[in-house]
K.L.:
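Supplied in structure tokens, the structure appears directly below.
Throughout, protein chains are lettered first and strands after them, A, B, ... in sequence-line order, and every chain is numbered starting at 1.
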Number of protein chains: 2
Amino acid sequence: MDNHAGPQGRVRLSDVARMAGVSTATVSRVLSHPDMVAEATRLAVAQALDRSGYRMNHAARNLRKGRTGCVVALVPNLGNPFFAKILVGMGRELAAAGYDLLVADTQDQGSLPATLRRFLDPSRADGIILLDGRASAAQLAPGPDRPPVVLACEWIEDAALPRVVLDNQRGAALAVTHLRALGHRHIGVIGGPPANVLHQARLAGTRDAAQDLRLTLFPGDFSLQAGQAAARHWLALAPAERPGAVFAFSDEMACAFIADLGRAGQRVPRDVSVVGFDDIELASHLLPALTTIRQPKRDLGRKAAQVVLAAIAGHEVAAVTRLEPQLMLRETTAPPG
Amino acid sequence: MDNHAGPQGRVRLSDVARMAGVSTATVSRVLSHPDMVAEATRLAVAQALDRSGYRMNHAARNLRKGRTGCVVALVPNLGNPFFAKILVGMGRELAAAGYDLLVADTQDQGSLPATLRRFLDPSRADGIILLDGRASAAQLAPGPDRPPVVLACEWIEDAALPRVVLDNQRGAALAVTHLRALGHRHIGVIGGPPANVLHQARLAGTRDAAQDLRLTLFPGDFSLQAGQAAARHWLALAPAERPGAVFAFSDEMACAFIADLGRAGQRVPRDVSVVGFDDIELASHLLPALTTIRQPKRDLGRKAAQVVLAAIAGHEVAAVTRLEPQLMLRETTAPPG
DNA sequence: AAAATGTTTGCAATCGATTGCAGACCGGTG
DNA sequence: CACCGGTCTGCAATCGATTGCAAACATTTT
């Protein structure tokens with residue numbers, strides 16, 4: 001590329017215009033509305049554009065257009081492979097639409113409210129995908145200058161914001177129904193944080209499907225450590241009181257639960273059946289392979305991106321986009337021994 | 001907050017200035033260089049600032065200052081929990097310095113060169129952290145208007161760019177030395193893609209430490225599927241030809257390898273010892289818990305962020321920042337049976 | 001040939017914050 | 001009282017692309 005840059009060392013739109021012998025307006029139009037420009041002019045400009053190696057200055061365009069070209073995803077825990085997978089689908093979809101994906105972890109950097117304030121700003125991002133249900137509806141008040149917010153995975157009961165979610169009740173029902181069909185009558189549940197909507201929805205689904213079955217709740221928070229703790233609790237029960245099947249609200253908890261039971265000599269599924277939730281990639285590569293409820297992670301990300309893009313474009317968007325869970329039957333469930 | 005917004009509905013610096021009875025210059029200085037402003041003025045402005053609920057327009061500031069406030073991380077596979085964890089450390093460090101973290105997956109969205117071109121643009125990001133070693137030095141030519149690039153985890157041999165990397169050779173040596181100490185004389189290696197620098201460095205470290213030991217290389221690519229394939233290969237060998245210990249260049253391969261051997265009736269570590277690489281969070285919660293080489297993931301992310309921030313600030317930065325691996329002794333290794 | 005219609009282009013204002021420069025103001029000194 | 005040095009503030013230009021408006025030109029109609 002030639003050096004047609006100005007003194008600042010960078011090629012500007014006006015440099016290209018000078019090269020092509022037209023005004024900056026025309027060059028801008030060639031870039032954004034090619035069909036308003038006459039064939040011959042367009043070609044001349046196109047040539048100048050690539051001879052000069054012109055790269056647009058995004059700050060300038062964004063200032064003028066009042067947009068940012070970014071969508072931010074606020075994730076409760078980036079380290080969780082489940083969320084990471086969702087981001088993949090999201091990133092693709094956004095990139096295809098010309099948007100960049102900004103990522104912020106709401107767990108560690110400051111508090112969630114602080115992070116929210118930081119990004120609920122039309123000059124920071126054109127749209128927000130919130131994967132953390134701990135925000136309050138008030139914090140998300142739809143001011144006139146607030147970029148559109150879409151809730152994904154988790155949601156907030158009283159917030160009038162579009163959601164892209166799994167049918168968690170149904171997912172739980174799938175798990176419980178499966179265990180009942182195997183003959184289990186006493187089911188342990190390793191839950192999430194009591195205030196968490198996913199916990200609540202899954203628990204509701206579990207209770208509905210359980211009907212006459214006995215349930216024992218082990219507290220949890222979706223983490224590996226919670227799985228360990230549940231294993232301790234289970235082992236501490238008198239053998240007759242131990243549920244013969246356990247439904248964990250995350251694969252990670254299921255995983256840690258199984259491993260720690262194993263260390264205590266209890267085998268899965270011989271002594272306990274286990275069902276997880278999420279279907280993280282590793283689930284099918286464990287021994288025994290984890291029976292679990294699959295969330296279509298990539299799709300969740302893709303759909304969330306589509307909804308936020310539609311909202312940005314000012315289109316009407318569905319209040320709720322619900323995805324279907326699926327029972328992945330593998331090796332950790334069996335009839336009670 | 002009062003509504004002091006202009007007709008566009010948004011409070012601008014000039015609105016605040018009018019409220020405080022000063023010029024925009026002064027308001028700007030209160031925000032960016034408070035010590036140039038007299039006490040009394042500063043207070044008046046500060047009051048106007050929060051009474052109006054002013055939020056700065058980033059596009060405008062960025063245009064004027066010639067920066068973006070973003071750093072982009074180019075990740076080969078976001079779905080990999082290893083990379084996800086690195087991003088956590090990175091995100092924190094950047095947020096603390098007032099930078100946003102942009103994430104792009106180089107695996108799926110278009111080709112790596114396309115993604116590179118997209119982000120090697122001073123108006124898109126102020127700095128780049130490249131975690132994908134498949135770029136060529138030529139693509140990263142240090143033009144005058146190219147934001148600083150830092151290589152992390154992976155690197156590119158002939159590129160004169162700062163790196164933040166693990167001492168991979170030493171990591172491999174730790175693994176092999178451990179296996180030798182247990183009495184193993186024939187070690188299988190499940191590698192990465194042959195062209196991958198991590199593969200090469202770890203293989204070199206393995207060879208150095210192996211000396212007189214026998215090595216058998218199973219091809220791989222760090223994925224779960226590669227671990228499965230390696231299991232098939234291992235099982236296909238005549239029993240006398242099977243290495244009694246296997247060193248996998250990623251935890252995911254180790255994991256899948258162990259699971260599939262288990263399905264074929266081979267137990268770890270009774271029949272084979274296995275060492276992984278990375279120490280993903282799940283590694284210690286498997287059964288048996290995976291012995292592995294730990295990479296300080298969060299630190300890697302933090303350090304990479306620090307280096308790129310220093311480069312952005314125009315400071316001299318170390319050509320290489322090397323982090324130390326650590327052998328995590330767990331349950332998958334034992335003396336040969 | 002004049003008028004009407006449609007297409008293409010350029011002028012110049014605009015988005016909102018930052019900053020070099022110079023003027024205003026202060027108290028203190030000769 | 002004039003002058004000096006220092007501190008604080010405002011003016012106005014600037015970053016670079018976009019776009020409403022109107023001028024210039026081409027084409028068709030009457």
K.L.:
Which one, dG16(D), dT18(D), dT19(C), comes nearest to the side chain of S28(B)?
P.N.:
dT19(C)
K.L.:
In whole angstrom, give the distance that lies between atom CE of M56(A) and atom P of dG16(D).
P.N.:
14 Å
K.L.:
What is the distance from CZ of R55(A) to P of dA17(D), rounded to the nearest Å?
P.N.:
12 Å
K.L.:
Measuring to OP1 and OP2 of dT18(C), would you say a side-chain N or O of R61(B) lies under 4.0 angstrom away?
P.N.:
yes
K.L.:
With a 4.0 Å cut-off on heavy atoms, is T26(A) in touch with a base, just the backbone sugar-phosphate, or nothing at all?
P.N.:
sugar-phosphate
K.L.:
Between T68(B) and N62(B), do the side chains contain a donor N or O and an acceptor N or O under 3.5 Å apart?
P.N.:
no
K.L.:
To the nearest Å, give me how far apart CZ (R67(B)) and C1' (dT18(C)) are.
P.N.:
12 Å
K.L.:
Tell me the interatomic distance from N57(B), atom CG, to dA17(D), atom C1', rounded to whole angstroms.
P.N.:
14 Å
K.L.:
Check this for me: does any side-chain nitrogen of one of R10(B) and D121(A) sit under 4.0 Å from a carboxylate oxygen of the other?
P.N.:
yes
K.L.:
Counting N and O atoms only, with roles assigned by atom type, does the side chain of K85(B) sit under 3.5 Å from a partner on the main chain of F83(B), one being a donor and the other an acceptor?
P.N.:
no
K.L.:
Which nucleotide in the list dT8(C), dC8(D), dT19(D) gets nearest to the side chain of T41(A)?
P.N.:
dT8(C)
K.L.:
Return the value, rounded to whole Å, for the distance between atom CZ of R10(A) and atom P of dT14(D).
P.N.:
20 Å
K.L.:
Both M36(B) and L63(B) contact DNA chain D. Which one's nearest nucleotide lies toward the 5' end?
P.N.:
M36(B)
K.L.:
What is the separation between atom NZ on K65(B) and atom P on dG16(D), rounded to the nearest whole Å?
P.N.:
16 Å
K.L.:
With heavy atoms under 4.0 Å as the rule, sort V27(A) into base, sugar-phosphate or nothing.
P.N.:
nothing
K.L.:
What is the distance from CZ of R29(A) to P of dG16(D), rounded to the nearest Å?
P.N.:
21 Å
K.L.:
In whole Å, what is the span from the CG atom of N62(B) to the C1' atom of dT14(D)?
P.N.:
15 Å
K.L.:
With nearest nucleotide decided by heavy atoms, which residue, A25(A) or E39(A), maps closer to the 5′ end of DNA chain C?
P.N.:
E39(A)
K.L.:
Could you work out which one of dT19(C), dC15(C), dT9(C) sits closest to the side chain of H33(B)?
P.N.:
dT19(C)
K.L.:
So which atom in R29(B) and which in V37(B) form the shortest heavy-atom distance, rounded to 0.1 Å?
P.N.:
CB-CG2, 3.8 Å
K.L.:
Classify V22(B) by what it touches in the nucleic acid, base, sugar-phosphate, or nothing, heavy-atom distance under 4.0 Å.
P.N.:
sugar-phosphate
K.L.:
Closest heavy-atom contact between R134(B) and L112(B)?
P.N.:
C-CD2, 3.8 Å
K.L.:
Report yes if a side-chain nitrogen or oxygen of T24(B) is closer than 4.0 Å to either non-bridging phosphate oxygen (OP1 or OP2) of dA17(C); otherwise report no.
P.N.:
no
